Amino acid sequence: MYRQSVSSSRISSVGWANNTLEVEFKNGAVYQYHGVTQAEYQSFMNSPSLGSALSRLDKIHPYNRI
């Protein structure tokens, strides 16, 4: 999945495809969040704090480290 670089203290890059959000953290860990709609992805990307927005998403979507 293509990921774009983001400005965040914790997150290095983010991608989205087929309702899966992929997040690469600064420490190199990559997680996929499943069932994330395009609207949720856009809201996440427009959030002033990606870390806080991700904390909200991980409470409502299953995720796994890849």
Side-chain angles (χ1 to χ4, degrees):
M1 176 182 308
Y2 170 78
R3 292 189 305 263
Q4 65 183 21
S5 296
V6 293
S7 177
S8 170
S9 61
R10 292 179 45 212
I11 299 170
S12 178
S13 63
V14 174
W16 181 88
N18 300 317
N19 290 338
T20 299
L21 175 71
E22 191 169 281
V23 177
E24 178 185 16
F25 290 91
K26 298 274 185 178
N27 67 4
V30 178
Y31 284 79
Q32 288 187 337
Y33 296 79
H34 307 284
V36 178
T37 66
Q38 186 172 15
E40 287 175 310
Y41 166 69
Q42 290 171 340
S43 178
F44 170 76
M45 292 300 286
N46 291 325
S47 172
S49 171
L50 293 179
S52 294
L54 188 61
S55 292
R56 288 188 295 276
L57 286 177
D58 69 16
K59 289 179 175 75
I60 57 175
H61 292 285
Y63 60 93
N64 63 290
R65 186 173 180 170
I66 60 167

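For the single chain, residues carry numbers from 1 onward in sequence order. Fair warning: this is a prediction, and the values are worked out from it, not measured in the lab.
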Fellow cluster residues of Val30, listed by chain then number, with links counted only when side-chain atoms sit under 4.5 Å apart: Ile66

Check: His61 side chain, Gly35 main-chain N or O, donor-acceptor pair, under 3.5 Å: yes

Donor-acceptor contact below 3.5 Å, side chain Trp16 vs main chain Val36: yes

Distance in Å, Gln38 CD paired with Leu21 CG, rounded so as to fall on 0.5 Å steps: 12.5 Å

side-chain contact (heavy atoms from CB on, under 4.5 Å) partners of Asp58, counting only residues at least two apart: Tyr33, Tyr63

Partners meeting side chain to side chain donor-acceptor pair (under 3.5 Å) with Ser52 (sequence neighbours left out): Ser49

Closest contact, heavy atoms only, Arg56 versus Ser47: NH2-OG, 4.1 Å

Parallel, tilted or perpendicular: rings of Tyr31 and Phe25 (30°, 60°): perpendicular

Closest heavy-atom pair and its distance - Ile11, Ser8: N-OG, 3.1 Å

Qualifying salt bridge (Lys or Arg N to Asp or Glu O under 4.0 Å) pairs, either residue in residues 3-23, two or more places apart: Arg3-Glu22, Arg3-Glu24

Crowding at CG, Asn18 (>12 non-hydrogen neighbours, <6.0 Å): no

Joint cluster assignment, Val14 & Met1, ILVMFWY side-chain distance < 4.5 Å: no

Side chain to side chain donor-acceptor pair (under 3.5 Å) against Ser12, all qualifying residues, sequence neighbours excluded: none

Side chain to side chain, Ile60 and Glu40, heavy atoms closer than 4.5 Å: yes

Those residues that, when tested against Phe44, pass ring-ring contact (aromatic ring centres under 6.0 Å, His included) (two or more places apart): none

Closest heavy-atom pair and its distance - Thr37, Asn19: CA-OD1, 3.7 Å

